[in-house]
Amino acid sequence: MPTYPQSGRCQCDAIQYQVDEPFLFQVQCHCNDCQKYSATAFGISAFIPQTSFHITKGTPKKWSRPADSGGTVDCYFCGECGNRIYHHNPNKPELIKLKPGTLDDVSVIQPQMHVWVRSKQPWVEIPAGVEQHQTQPEF
């Protein structure tokens with residue numbers, strides 16, 4: 001069982017952060033945008049309350065883009081190494097979508113849901129019993 005707070009950082013250590021409480025849930029996304037930003041078959045997001053997320057070193061850069069769902073995604077990343085740290089939906093300011101691969105302890109990554117599975121790569125296998133959605137469900 002993980003203990004909190006948890007810490008994380010970008011690849012070059014210019015951006016560091018802390019998470020004060022457990023994730024609300026974790027999602028593995030197979031949309032084309034997540035495949036592109038992660039340079040692999042999917043992206044993973046760990047949803048946490050904005051109040052439990054704190055940047056402890058550095059200032060991430062922000063880039064905004066339209067989402068497949070029709071909304072907007074603000075993407076925060078390190079301006080030095082380019083590592084994505086988190087995403088934020090301006091229409092849901094109370095949530096942060098942390099990129100959990102940036103955590104110091106990645107053993108906490110255990111997605112409970114797969115979204116945009118209609119775009120999933122055919123070689124990716126989703127474990128039996130894990131919730132799936134063809135597109136974006138309402139969170």
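Starting from 1, each residue takes its place in the sequence as its number. Predicted model, so just to flag it, every value in this text is computed and none were measured.
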Task: Same apolar cluster (I L V M F W Y, side chains within < 4.5 Å links), Ile15/Trp63 - done: no

Open item on the list: Are the side chains of Asn89 and Leu95 in contact, using a 4.5 Å heavy-atom criterion?
Closed with: no

Task: Approximate separation, where rounding is to 0.5 Å, of Gln28 CD and Phe42 CZ - done: 4.0 Å

Task: With sequence neighbours excluded, residues passing side chain to side chain contact (heavy atoms under 4.5 Å, CB included) with Lys62 - done: Ser64, Asp74, Tyr76

Task: Partner residues of Tyr17 under the side-chain hydrogen bond (donor to acceptor under 3.5 Å, both in side chains) criterion, sequence neighbours left out - done: Thr102

Open item on the list: Same cluster or not: Leu24 versus Leu98, using hydrophobic residues (I, L, V, M, F, W, Y) connected whenever any side-chain heavy atoms lie under 4.5 Å apart?
Closed with: no

TODO: Applying ring-ring contact (aromatic ring centres under 6.0 Å, His included), name anything that partners His88, two or more places apart in sequence or on another chain.
DONE: none

Which atom pairs, donor and acceptor, lie under 3.5 Å between side-chain atoms of residues 119-129 and protein residues at least two apart or in another chain?
{"unit_1": "Lys120", "atom_1": "NZ", "unit_2": "Val124", "atom_2": "O", "d": "2.8"}
{"unit_1": "Gln121", "atom_1": "NE2", "unit_2": "Gln35", "atom_2": "OE1", "d": "2.8"}

Open item on the list: Among Thr51, Ile48, Ile85, exactly one meets side chain to side chain contact (heavy atoms under 4.5 Å, CB included) together with Ile96. Which residue is that?
Closed with: Ile48

TODO: Supply the atom-to-atom distance Lys97 NZ to Tyr86 OH, rounded to the nearest 0.5 angstrom.
DONE: 12.5 Å

Open item on the list: With a sphere of 6.0 Å drawn around CD of Glu80, does it hold more than 12 non-hydrogen atoms of other residues, nucleotides or ligands?
Closed with: no

Task: Distance-only polar pair, side chains of Trp116 and Gln136, donor-acceptor under 3.5 Å - done: yes

Open item on the list: I'd like to check Gln110 versus Gln112 (side-chain heavy atoms, cut-off strictly below 4.5 Å). Are they in contact?
Closed with: no

Task: side-chain hydrogen bond (donor to acceptor under 3.5 Å, both in side chains) partners for Thr59, two or more places apart - done: none

Open item on the list: Any non-hydrogen side-chain atom of Ile109 less than 4.5 Å from a side-chain atom of Ser107?
Closed with: no

Open item on the list: Please report whether the ring centroid of His114 lies less than 6.0 Å from that of His133.
Closed with: no

Open item on the list: I'd like to know whether the aromatic ring centres of Tyr37 and His87 sit less than 6.0 Å apart in this structure.
Closed with: yes

Open item on the list: Using modelled atom types and a 3.5 Å cut-off, is there a donor and acceptor pairing between side-chain atoms of Asn83 and backbone atoms of Cys78?
Closed with: no

TODO: Report the distance from atom OG of Ser45 to atom CZ of Arg84, rounding to the nearest 0.5 Å.
DONE: 10.0 Å

TODO: Calculate, to the nearest 0.5 Å, the distance between atoms NZ and SG belonging to Lys99 and Cys10 respectively.
DONE: 16.0 Å

TODO: To the nearest 0.5 angstrom, please state how far the OG1 atom of Thr56 sits from the CD atom of Gln16.
DONE: 5.0 Å

TODO: Check the hydrophobic clustering (I, L, V, M, F, W, Y; side-chain heavy atoms under 4.5 Å; chains of links allowed) and say if Val115 and Val130 are grouped together.
DONE: no

TODO: Give me the ring orientation class for Tyr4 and Phe23: parallel if the planes are under 30° apart, tilted from 30 to 60°, perpendicular past 60°.
DONE: perpendicular

Open item on the list: Show every salt bridge (Lys or Arg N to Asp or Glu O under 4.0 Å) that has at least one partner inside residues 9-32, sequence neighbours left out.
Closed with: Arg9-Asp13, Arg9-Asp104

TODO: Could you pull out the closest heavy-atom pair between Pro100 and Val106, with the gap in Å?
DONE: O-CG1, 3.8 Å

Open item on the list: Is there a path of hydrophobic side-chain contacts, each under 4.5 Å between heavy atoms of I/L/V/M/F/W/Y residues, joining Met113 to Val117?
Closed with: no

Open item on the list: Main chain of Val108, side chain of Gln26: is a donor-acceptor contact present, judged purely on distance under 3.5 Å?
Closed with: yes

TODO: Working to the nearest 0.5 Å, report the span between OG1 of Thr135 and CZ of Arg118.
DONE: 6.0 Å

